[in-house]
Number of protein chains: 2
Amino acid sequence: MKGPMASTGLKRQTMSAALTDELRERILNLDIPEGEQLRQDTLAAEFGVSRIPVREALLQLEGEGLVTLSAHKGYTVTALSLDEIRELFDLRALIEVDLLQRAIPRLETHHIERAREILATFDEMLSRGSQERDWGQLNWELHAVLYEPAERPRALSIVRNLHRNADRYLRLQLKLTQRTNERAREEHNRLVNLCADRDVIEASRLLNEHVLAARDDLLAFLAERRGSGENTHEE
Amino acid sequence: MKGPMASTGLKRQTMSAALTDELRERILNLDIPEGEQLRQDTLAAEFGVSRIPVREALLQLEGEGLVTLSAHKGYTVTALSLDEIRELFDLRALIEVDLLQRAIPRLETHHIERAREILATFDEMLSRGSQERDWGQLNWELHAVLYEPAERPRALSIVRNLHRNADRYLRLQLKLTQRTNERAREEHNRLVNLCADRDVIEASRLLNEHVLAARDDLLAFLAERRGSGENTHEE
DNA sequence: GCGACGTATATTGTATAAAATATATATCGA
DNA sequence: TCGATATATATTTTATACAATATACGTCGC
């Protein structure tokens, strides 16, 4: 469940897969900004591989929605409108609440324990100063462990993708505002406690509010930012 | 909105895209059965292209869930368990009901007209004898036109993919039982009428029942079939 | 005969090279 | 000068060739 062959440094099974992960991380971390053209030979040269695995990585990311292909013109990093970002969160709320309702009756003690471990890691991170790079991953793991007992692999996969697509913008927000982090932390704690109590009704309500509050926070942040020139990285 | 450049025979913008469509159609139509290995050389030779566009088409289909890649071992046509098929329909019900609720208040006359056109095409098809090949496409178009006013592109894309994944099994059922078709036809008519009346409550209820009834019908059919050796294609 | 190892073959994964398409620049005519 | 067409350049798409990996088979030792 952790990172595959972590710390060994052994290279992945295929270049395509490794490139997919690396490119995804760069996009999510905004190292490559929205709308940017992705030149195949440039990437190939940078990674020291041919263009074939680069193309295959980009194709994979296109399936995830992170890049957009225009035939014969190439790939660009997908730029989402505020409406599209809103939709990500609305879908998250819809599907995740359903997952949680199915999962809670089947939650075992070890699920709760794992969730509390993740909460502890969150706190640790918070005290060490913002690590927005890992925040999204940790946030996903917490949600995923609560939904896992539902045994709904397709729904889980869809939700993971929704998280990923929203992650870019959440990281941006985390970089600039600390309040979001604290609020999420508090709601996560309550959510795990409600799950431990098997309180389906209240846990569902809280989860729904949690996701929609994150939505509104983020949209307000982005609306402000986009309205006024959005100057963060200069060139 | 119809088939792109139908009958012209003009090749698509790229080979990869054309191959993706062709392979998808073969898989959905069960020309290539579940679990079958897809050899890249074989496909390349058959279509008269190199393995590169074949690989890219397969990668695309993997993103859609129709094929599964095992590193260094190749692609196989994804085989779904009954539980996974159940999940497809449960997700459809969840997301489509939400879409319909958002769409109905924004439905315009021309949406309804278009829906009735599709219903007429259904009837025409029914009278000409079963054309299970087009059934899934038509079914999707009907649902899509009702959801379109919601302006939720991501949700629509997810639902289209769910339809596609279920389509293989629906076609199988349609080939062997006519009753499903008639039942769907009747429910579709009622659904469009309720939409025309802007009756969100009843339309939502009917849509939910419609999808879940299709689910139960199909699962019963497949359980029967899988239990008893599933002999249809001999070799 | 049985299991472990090594080789041969088939298939996938990647690199390089050629073809097709799009974009930019230049040339021509009015 | 302006617009349109033609040419050149950049980039993507596809083909061919090579390398890496997995599977099948056979050989050897016991």
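Every chain is numbered from 1 and lettered A, B, ... according to where its sequence line falls, protein lines coming before strand lines. Computed over heavy atoms, backbone and side chain alike; hydrogens, waters and symmetry mates excluded. Computed from a predicted structure; not experimentally measured.
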Ion pair check, E64(A) and R164(A), cut-off under 4.0 Å: yes
Please classify the nucleic acid contact of L19(A) as base, sugar-phosphate, or nothing, using heavy-atom distances under 4.0 Å. nothing
Rounded to whole angstrom units, what separation is found between the CG atom of L43(A) and the P atom of dT14(C)? 16 Å
Rounded to whole Å, how long is the line connecting atom CD of Q40(B) with atom P of dT12(C)? 4 Å
Taking NZ, NE, NH1 and NH2 as the nitrogens, is one of them in E117(A) or R114(A) under 4.0 Å from a carboxylate oxygen of the other? yes
If the condition is salt bridge (charged side-chain N to carboxylate O under 4.0 Å, His left out), which residues does R168(A) pass it with, not counting sequence neighbours? none
Less than 4.0 angstrom from a charged side-chain N to a carboxylate O is my criterion; do R215(B) and D90(B) meet it? yes
Categorize L38(B) for me: base, sugar-phosphate, or nothing, with a 4.0 angstrom heavy-atom threshold over every strand shown. sugar-phosphate
Between the side chains of R51(B) and E46(B), is the shortest nitrogen-to-carboxylate-oxygen separation below 4.0 Å, so that they form an ion pair? no
Whole-Å distance between dT9(C) P and R39(B) CZ? 18 Å
Will you find, in the side chains of E36(B) and Y75(B), an N or O donor that is under 3.5 Å from an N or O acceptor? no
Does a side-chain N-to-carboxylate-O contact under 4.0 Å join R102(B) and E151(B)? no
Rounded to whole Å, how long is the line connecting atom NE2 of H72(A) with atom C1' of dT12(D)? 7 Å
Tabulate atom names and distances for all N/O pairs under 3.5 angstrom spanning the protein and nucleotides 23-25 of chain C.
unit_1  : atom_1 : unit_2 : atom_2 : d
dT23(C) : OP1    : K73(A) : NZ     : 3.3

dT12(C) P sits how many Å from L59(B) CG, rounded? 14 Å
Y75(A) OH - dT11(D) C1' separation (whole Å): 13 Å
Are any protein N/O atoms closer than 3.5 Å to N/O atoms in nucleotides 14-19 of chain D? If there are, list each pair with its distance.
unit_1  : atom_1 : unit_2 : atom_2 : d
dT14(D) : OP1    : M15(B) : N      : 2.4
dT14(D) : OP2    : S16(B) : OG     : 3.1
dA15(D) : OP2    : S50(B) : N      : 2.5
dA15(D) : OP2    : S50(B) : OG     : 2.8

Could you report the tightest heavy-atom contact between G65(B) and N165(B), atom names first, then the distance? O-OD1, 3.7 Å
Both A71(A) and A71(B) contact DNA chain C. Which one's nearest nucleotide lies toward the 5' end? A71(B)
Mind telling me whether H188(B) and F122(B) have parallel, tilted or perpendicular rings, with 30° and 60° as the class edges? tilted
